[in-house]
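First the structure, in the form of structure tokens, and then the observations on it.
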Protein chains: 2
Amino acid sequence: MQEQRIGSIRFQIDFSQPLYEQILEQIRSAIAKGEIGLGQKIPSVRELAHELRINPNTVMRAYQELERDGLTEKRRGQGTFVTSSKERVETFRQELAARYIDAFLSQMESLGYSWSDVAAYVKKKIDERSGERG
Amino acid sequence: MQEQRIGSIRFQIDFSQPLYEQILEQIRSAIAKGEIGLGQKIPSVRELAHELRINPNTVMRAYQELERDGLTEKRRGQGTFVTSSKERVETFRQELAARYIDAFLSQMESLGYSWSDVAAYVKKKIDERSGERG
DNA sequence: TTAAGTGTATTATATCACTTAATACACTTA
DNA sequence: TAAGTGTATTAAGTGATATAATACACTTAA
């Protein structure tokens, strides 16, 4: 499927992963990047389900996970909003980043790469990407 | 489940991932690290299934993937052996490492980390791990 | 008061990936 | 010939994912 904007959030849905995980990750990303401001409203369960043409229960599952992570708060009858706590977002961002790095280093370790090799390789790849976009 | 050795390969199986993927990754790791030498025999489908107490079909699936990656070769009636091509193993190792790094950088990008932040963060984490084991 | 829009819960159904099970066949080696 | 290889087939069960159809409690604005 192609990219789609609902509110200020970009969605790119395919079949490589569970739908609820993709929704979760993409909203989470928008919050972490500040593309949705603190305290701002995100689409309602029904609206997002309608726009993405998927079942409301599937959206619900993603929204429950966001709330469990402390990234959103619900207000009955009003909707779902990004947390107002800048600290909470920043903490979550760092925790997730730490998990990503640990998993990555474990993968490289499983291939027998030394730490100096990993450091050099990452630096090289980052330089390649820097050429593309700042 | 706890660690288990079959032949020269360490297996650590749990329920967090499909069984065939875990077998695939762990044999692949042993090959990449050189813990199983080039041309060396790996356990037969039936033997490994028996030792791990899982179905032979599940082991088969992992073995077919190893062969598709060019890491192993089968000899009818004899068994399955690690490829004799050092170059093939090294190429695969680099390709997989590249995939790991690209996926990792995409994850960090989705959290809004700048490349300089990523480089610094990885270096810090590597230093922490270096303290543990060279 | 009413209607529309919120999040939430429930029950049922369908599909698919994964795994097991039981066999059978072709080949190699001792 | 017997035992050990990889391989293929058919059948069945389980769990995660997703859909469908409702219903309820709450909030807001008309």
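Note on naming: letters A, B, ... go to the chains in the order of the sequence lines (proteins, then strands), and numbering restarts at 1 for each one.
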Quick check on dG4(D): is either OP1 or OP2 less than 4.0 Å from any side-chain nitrogen or oxygen of S44(B)? no
So, are R28(A) and E25(A) salt-bridged, with charged N and O less than 4.0 Å apart? no
Without decimals, in angstroms, what is the distance between L52(A) CG and dA18(D) C1'? 14 Å
Do S116(B) and S114(B) have side-chain atoms, one donor and one acceptor, less than 3.5 Å apart? yes
Hey, which of these two, K41(B) or R61(A), hits DNA chain D nearer its 5' end, going by closest nucleotide? K41(B)
Integer-rounded Å distance: dT28(C) P and F81(B) CZ: 13 Å
For atom CZ of R75(A) and atom C1' of dG5(C), their distance in whole Å: 16 Å
Protein and nucleotides 28-30 of chain D: nitrogen or oxygen contacts under 3.5 angstrom:
unit_1	atom_1	unit_2	atom_2	d
dT28(D)	OP1	Q78(A)	NE2	3.0

Do the side chain of R46(A) and the base of dG7(C) come within less than 3.5 angstrom through a donor-acceptor pair of N or O atoms? yes
Whole-Å distance, Q22(B) CD to dA17(C) P, equals 19 Å
Between I54(A) (CD1) and dA20(D) (C1'), how many Å, whole number? 14 Å
Are any of T58(A)'s side-chain N or O atoms less than 4.0 Å away from OP1 or OP2 of dT17(D)? no
What's the closest nucleotide to the side chain of V45(A) if the choices are dC18(C), dT19(D), dG7(C)? dG7(C)
Interatomic distance where CZ belongs to F15(B) and P belongs to dT14(D) [whole Å]: 15 Å
Rounded off to whole Å, could you give me the CG-to-P distance for the N55(A) and dT8(C) pair? 15 Å
Does dT17(D) have OP1 or OP2 sitting under 4.0 Å from an N or O in the side chain of Y20(A)? yes
Look at Q64(A) and dA9(C) and indicate whether a side-chain polar atom (N or O) is within less than 4.0 Å of OP1 or OP2. yes
What is the ring orientation for F104(A) with F104(B), classed by angle as parallel under 30°, tilted 30 to 60°, or perpendicular over 60°? parallel
Does Q26(A) offer a backbone N or O that forms a donor-acceptor pair with the side chain of R10(A) under 3.5 Å? no
Out of curiosity, L105(B) CG to R129(A) CZ, how far, rounded to the nearest 0.5 Å? 4.5 Å
Tell me, what's DNA chain C's dot-bracket, Watson-Crick or G-U with both distances under 3.5 Å, | for other-strand, [ ] crossing? ||||||||||||||||||||||||||||||
Under 3.5 Å, N/O pairs linking protein and nucleotides 10-14 of chain C:
none

So, does K74(A) get its side chain near the phosphate of dT6(C), meaning an N or O under 4.0 Å from OP1 or OP2? no
Of all the choices, dA25(D), dT5(D), dT17(D), which nucleotide is nearest to the side chain of R76(A) once you look at every atom? dA25(D)
